[in-house]
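Letters A, B, ... mirror the listed sequences (proteins, then strands); counts begin at 1.
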There are 2 protein chains.
Amino acid sequence: MTIDAIARTRRFHRAVTSEVGALDSSFLGRGRPLGPARVLHAIGNGVSDVAEIRAHLKLDSGLMSRLLRGLEDEGLVTVTASDSDARRRQAQLTPAGKTEFAAYEALSDAQAGAILSRHPHPEALLQAMDLVATALGFDRTAIQRVPPSDPRAQHCLATYYAELAERFSGGFDVNLSADPEARDMEPPRGAFLLAVLDGLAIGCAGLKGTDKGYAEVKRVWVAPSARRMGLADLLMQAIEDEARGLGIRTLRLDTNSALPEAVRFYRKSGWREIPRFNDDPYPDVFFEKHL
Amino acid sequence: MTIDAIARTRRFHRAVTSEVGALDSSFLGRGRPLGPARVLHAIGNGVSDVAEIRAHLKLDSGLMSRLLRGLEDEGLVTVTASDSDARRRQAQLTPAGKTEFAAYEALSDAQAGAILSRHPHPEALLQAMDLVATALGFDRTAIQRVPPSDPRAQHCLATYYAELAERFSGGFDVNLSADPEARDMEPPRGAFLLAVLDGLAIGCAGLKGTDKGYAEVKRVWVAPSARRMGLADLLMQAIEDEARGLGIRTLRLDTNSALPEAVRFYRKSGWREIPRFNDDPYPDVFFEKHL
DNA sequence: TATTTTTTCTGACTTTTGTCAATCAAATGA
DNA sequence: TCATTTGATTGACAAAAGTCAGAAAAAATA
């Protein structure tokens with residue numbers, strides 16, 4: 001690693017450290033130390049299991065217990081025994097707790113808004129922040145099966161289509177393409193997979209069942225901030241696992257030579273180029289893979 | 001500000017917060033609380049004036065005094081009275097302090113290296129980190145006069161030339177251009193200005209004195225991470241101030257239509273297009289401004 | 001059923017960080 | 001020169017955060 005790269009990384013670190021400190025001080029403004037505020041924040045975000053909060057915030061069990069009781073005394077949370085295991089305890093916000101949580105959320109939102117609004121070109125800043133956030137947390141990426149109607153899936157697809165429209169010289173209209181019926185991408189005929197990192201979908205891939213003796217891989221997309229990280233490999237691996245689970249033995253896909261990185265990716269991932277197998281107007285490169 | 005933009009910013013914030021926490025924990029591994037470690041770090045970075053450290057770390061004077069004495073007792077720093085004002089005190093590292101400081105530096109470097117090395121495309125990550133760091137700290141940008149031989153100035157110029165070589169269809173060779181003698185860009189004939197943020201030069205501009213009744217503005221460059229922030233305005237304002245200070249009444253500059261954003265910038269900054277005034281092979285657009 | 005393990009709670013600490021007022025020495029300004 | 005201001009130190013606290021061992025209750029296991 002070059003000296004310059006390290007220095008730039010550390011400069012970045014200094015910059016965000018002072019930003020983090022600024023948010024912490026604004027939290028202090030609500031008259032509560034950071035400890036209880038962090039616990040309240042975790043509960044508000046849906047982490048109700050006390051042991052889970054403890055693991056997440058790396059707190060000693062004694063300290064956790066006291067912080068929780070403090071919040072109970074303030075009337076912000078109630079703690080009840082878990083149904084399945086009466087030793088474990090579940091914390092939830094009272095109405096007053098929800099109000100207080102909302103106030104912290106407003107502070108966070110205000111800070112985020114302030115960062116963005118003092119930048120003359122927020123979209124560039126957002127893209128840079130996405131890239132950094134994805135790089136730092138990439139190991140936590142989870143691949144999950146969702147219905148194609150999931151709003152996050154729809155968001156991925158919309159972004160994907162917009163990108164195709166930009167890269168194809170004649171634009172792209174999804175209605176001219178063979179738009180798969182949603183149920184072809186759901187079990188038992190197929191599947192739709194989402195790569196999710198910290199609540200944000202950073203990639204997707206669809207497996208579309210057909211009656212022609214093969215299934216099609218469709219809508220493979222990776223967010224710009226997550227490219228070159230090997231996410232496409234993860235997604236395709238998961239798609240192949242799904243296909244095997246559904247008893248599918250042959251996969252086909254089509255793509256376009258205007259997307260050379262995609263063509264290159266399939267070539268080196270064990271796909272074999274085959275002749276055109278549909279009359280879709282957009283693709284001009286066709287692949288097949290036997291599982 | 002859209003909901004989505006706020007959510008992305010907060011996701012970024014969460015990602016870097018855990019990274020910051022990881023570095024703090026690694027600092028704790030040296031058996032010293034964060035307070036003294038931060039003071040040691042500040043002194044090691046050349047902030048020797050105690051009042052300055054105090055302001056920088058936002059510490060109470062009593063706490064600061066105790067932290068310093070703790071470091072003195074450990075034999076890591078010595079504190080002496082300032083020459084100019086015997087009330088103020090200067091802290092410096094002992095040899096043992098330098099060793100300890102180096103250990104902290106190694107931890108920081110290791111963490112920075114780890115972030116970079118687990119990314120398959122570090123340069124993209126670095127550029128994103130630069131953009132974020134510049135956006136967060138832009139207000140702290142300082143414009144300072146340096147000799148053109150300053151290594152930071154040389155670094156800016158090298159990057160500038162590389163960029164020109166990429167954008168000019170026939171490439172760019174600075175030796176074919178009228179390479180100004182260094183002394184033409186130093187007082188009393190001219191000046192060379194650097195925009196510096198957190199130790200990194202993010203832009204430059206040169207004022208080159210001539211004997212022809214005008215001075216030339218040369219080498220106006222803004223780092224990609226700082227573009228669209230209005231830095232060129234700041235630099236040009238500073239250049240004009242320098243020129244006025246040197247008794248210069250007329251400024252000229254040349255640029256190239258392959259740099260449309262530069263041409264646009266000068267047009268809207270009160271520069272008037274004039275006919276070619278030199279035989280430099282690269283420029284094809286010429287401007288003049290009276291102060 | 002008896003024993004062990006897990007989860008939380010409590011009491012009794014310590015360490016770290018932050019605050020405030022009093023004091024002292026040096027510098028500043030009238 | 002003498003009062004005032006400034007920068008650092010000190011004592012006396014207080015709040016916040018972290019640690020640890022024991023106890024109680026529930027669950028898991030033998």
Side-chain angles (χ1 to χ4, degrees), chain A residues 17 20-43 47-74 76-92 104, chain B residues 17 20-21 24-43 47-74 76-92 104:
Chain A
T17 301
V20 168
L23 182 60
D24 285 354
S25 328
S26 82
F27 271 25
L28 255 23
R30 294 206 62 75
R32 197 173 289 109
L34 239 34
R38 295 208 306 152
V39 172
L40 187 70
H41 191 260
I43 300 171
V47 192
S48 59
D49 189 88
V50 169
E52 214 174 306
I53 302 172
R54 221 155 65 62
H56 183 241
L57 301 180
K58 288 176 184 149
L59 292 173
D60 173 83
S61 69
L63 185 49
M64 177 78 227
S65 180
R66 266 176 270 264
L67 289 174
L68 217 42
R69 194 142 32 78
L71 291 171
E72 262 187 317
D73 291 349
E74 277 195 86
L76 301 177
V77 310
T78 53
V79 180
T80 54
S82 161
D83 291 339
S84 57
D85 182 342
R87 288 170 306 182
R88 293 180 87 95
R89 316 205 66 193
Q90 308 286 316
Q92 47 273 320
Y104 283 109
Chain B
T17 300
V20 167
D24 284 353
S25 325
S26 81
F27 271 26
L28 253 23
R30 294 205 63 74
R32 196 173 289 110
L34 240 34
R38 295 208 305 153
V39 173
L40 187 70
H41 190 260
I43 300 171
V47 191
S48 58
D49 188 88
V50 169
E52 213 174 309
I53 301 171
R54 221 153 63 63
H56 183 241
L57 301 181
K58 290 177 185 149
L59 292 173
D60 173 84
S61 68
L63 184 51
M64 177 78 229
S65 179
R66 267 175 269 263
L67 289 173
L68 259 185
R69 193 139 33 78
L71 291 170
E72 263 187 317
D73 291 349
E74 278 195 85
L76 301 177
V77 310
T78 53
V79 180
T80 55
S82 160
D83 290 339
S84 57
D85 181 341
R87 288 170 308 181
R88 294 180 87 94
R89 316 205 65 190
Q90 308 285 318
Q92 48 271 321
Y104 283 109

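- Following rounding to the nearest Å, B:L34 (CG) and D:dG18 (P) show an atom-to-atom distance of 11 Å.
- Among all heavy-atom pairs drawn from A:L59 and A:V39, the shortest one is CD1-CG2, 4.1 Å.
- Straight-line distance from the CG atom of A:L63 to the P atom of C:dA12: 18 Å, rounded to whole Å.
- Ranking D:dT9, D:dA8, C:dG18 by closeness to the B:S65 side chain, first place goes to D:dT9.
- The side chain of B:R66 contributes no N or O atom lying less than 4.0 Å from OP1 or OP2 of D:dG11.
- Going from atom CZ of A:R88 over to atom C1' of D:dA24 covers 18 Å, rounded to whole Å.
- Distance check: B:I43 CD1 to B:L68 CG gives 5.5 Å after rounding to the nearest 0.5 Å.
- Take the nearest nucleotide of DNA chain C for A:D49 and for B:R38: the residue whose nucleotide is more 5' is A:D49.
- Within 6.0 Å of atom CG in B:D83, 12 or fewer heavy atoms from other residues, nucleotides or ligands are found, so the atom counts as exposed in its surroundings.
- With rounding to the nearest 0.5 Å, the separation of NE2 in A:H41 from CG in A:L34 is 11.5 Å.
- Between the side chain of B:Q90 and the backbone N or O of B:T80 there is no donor-acceptor pair closer than 3.5 Å.
- Taking 4.0 angstrom as the limit, A:R69 places a side-chain polar atom (N or O) nearer than this to OP1 or OP2 of C:dT10.
- Side-chain proximity of A:P33 to C:dT8, D:dA8, D:dA17: nearest is D:dA17.
- Between the side chain of B:R87 and the base of D:dT6, a donor-acceptor pair under 3.5 Å is found.
- Across D:dT9, C:dT8, D:dA17, the shortest atom-to-atom separation from the side chain of B:S61 is found for D:dT9.
- One atom, CD1 of A:I53, and another, P of C:dT7, lie 15 Å apart when rounded to the nearest Å.
- Remark on DNA chain D: of its neighbouring residues A:S84 and A:R32, the 5'-side contact belongs to A:R32, judged by nearest-heavy-atom nucleotide.
- To the nearest angstrom, P of D:dT10 lies 14 Å from CG of B:D60.
- The distance from atom CD of A:E72 to atom C1' of C:dT8 is 12 Å, rounded to the nearest whole Å.
- Atom C1' of nucleotide C:dT8 and atom CG of A:D85 are separated by 11 Å, given to the nearest angstrom.
- Note: CG (A:L68) to C1' (C:dT10) measures 14 Å, nearest angstrom.
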